[in-house]
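This one's a predicted model, so the numbers in the text were calculated from it and none came from an experiment.
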Amino acid sequence: MDNTTAIDIFSALAQSTRLDAFRLLVQHEPEGLAAGELARHLDVPHNTLSAHLSVLSRAGLVVSQRQSRSIIYRASLEQMQDTLAFLVRDCCAGHPELCAPLLEALQPCCLNEEKTP
């Protein structure tokens with residue numbers, strides 16, 4: 001990933017509705033959500049959501065697939081993983097132990113729940 005791609009991704013997420021949409025799609029992985037259902041959850045008009053989803057799609061953060069009469073949107077977890085890896089690639093100037101709290105916070109919720117006594 002280069003700086004331009006990272007900037008496009010962060011620009012796409014730098015708007016409240018788009019950030020909410022992406023976070024909601026992450027919560028609904030791997031099934032995704034139909035566009036209409038996503039609009040209802042976010043309480044935004046369908047045409048407004050469509051514009052936001054287009055921005056997220058151009059940044060590679062969401063993918064869509066037609067299922068019958070619906071379009072199902074899913075978060076691109078691979079793109080988010082690549083983005084996070086880009087940010088922490090040279091973590092703490094060669095002192096990875098300083099990044100341990102960050103890496104632990106990025107563990108999936110189910111792994112964190114298993115650690116809790």
Side-chain angles (χ1 to χ4, degrees):
M1 179 174 294
D2 59 15
N3 282 357
T4 302
T5 302
I7 290 167
D8 289 344
I9 290 167
F10 290 120
S11 294
L13 293 173
Q15 196 280 338
S16 181
T17 302
R18 291 193 296 265
L19 181 60
D20 289 346
F22 182 75
R23 293 183 71 209
L24 186 59
L25 289 172
V26 168
Q27 292 172 8
H28 285 86
E29 275 299 307
E31 297 83 17
L33 285 173
E37 190 174 345
L38 189 56
R40 281 188 295 281
H41 277 286
L42 298 174
D43 194 28
V44 296
H46 294 295
N47 60 340
T48 301
L49 180 64
S50 178
H52 288 305
L53 289 171
S54 292
V55 172
L56 291 169
S57 181
R58 282 192 300 276
L61 291 168
V62 300
V63 294
S64 61
Q65 180 179 18
R66 181 167 290 283
Q67 287 185 0
S68 189
R69 293 177 52 197
S70 297
I71 298 177
I72 305 299
Y73 287 89
R74 294 187 55 233
S76 175
L77 299 181
E78 182 178 332
Q79 181 72 306
M80 184 50 65
Q81 181 181 6
D82 290 347
T83 304
L84 294 173
F86 171 79
L87 289 174
V88 298
R89 184 164 291 121
D90 297 317
C91 192
C92 305
H95 300 283
E97 68 279 1
L98 297 175
C99 291
L102 169 65
L103 297 174
E104 186 174 312
L106 293 175
Q107 294 297 314
C109 58
C110 55
L111 291 178
N112 287 337
E113 290 173 2
E114 289 175 9
K115 293 179 182 179
T116 307

_Residues, nucleotides or ligands: over 12 heavy atoms within 6.0 Å of Q15 CD_ = yes

*Does atom CG of D43 have more than 12 heavy-atom neighbours, drawn from other residues, nucleotides or ligands, at distances under 6.0 Å?*
no

*Say you draw a straight line from CG of D82 to CG of L87; how long is it, rounded to the nearest 0.5 Å?*
11.0 Å

*Validation row: L13, M80 side chains within 4.5 angstrom (heavy atoms)*: yes

*Cluster overlap F22 with I72, hydrophobic side-chain contacts below 4.5 Å*: no

*Would you give the length of the straight line joining atom CG of D20 to atom CG of L42, rounded to the nearest 0.5 angstrom?*
6.0 Å

*Q27 CD to H41 NE2 distance, which is reported to the nearest 0.5 Å*: 9.5 Å

*Enter the distance from Y73:OH to L24:CG here, rounded to the nearest 0.5 Å.*
14.0 Å

*Starting at CG of D8, measure out to CG of N3 and round the result to the nearest 0.5 Å.*
11.0 Å

*L19 and I7: same hydrophobic cluster, using ILVMFWY side-chain contacts below 4.5 Å?*
no

_Contact summary for A6 and F86, nearest pair of heavy atoms_ = CB-CE2, 3.5 Å

Under 3.5 Å, which donor-acceptor pairs do the side chains of residues 45-63 form with other protein atoms, sequence neighbours left out?
residue	atom	partner	partner atom	Å
H52	ND1	R18	NH1	3.4
S54	OG	S50	O	3.0

*Rounded to the nearest 0.5 Å, how far apart are CZ of R40 and CG of L33?*
9.5 Å

*Atom CD of Q67 with >12 non-hydrogen neighbours under 6.0 angstrom*: yes

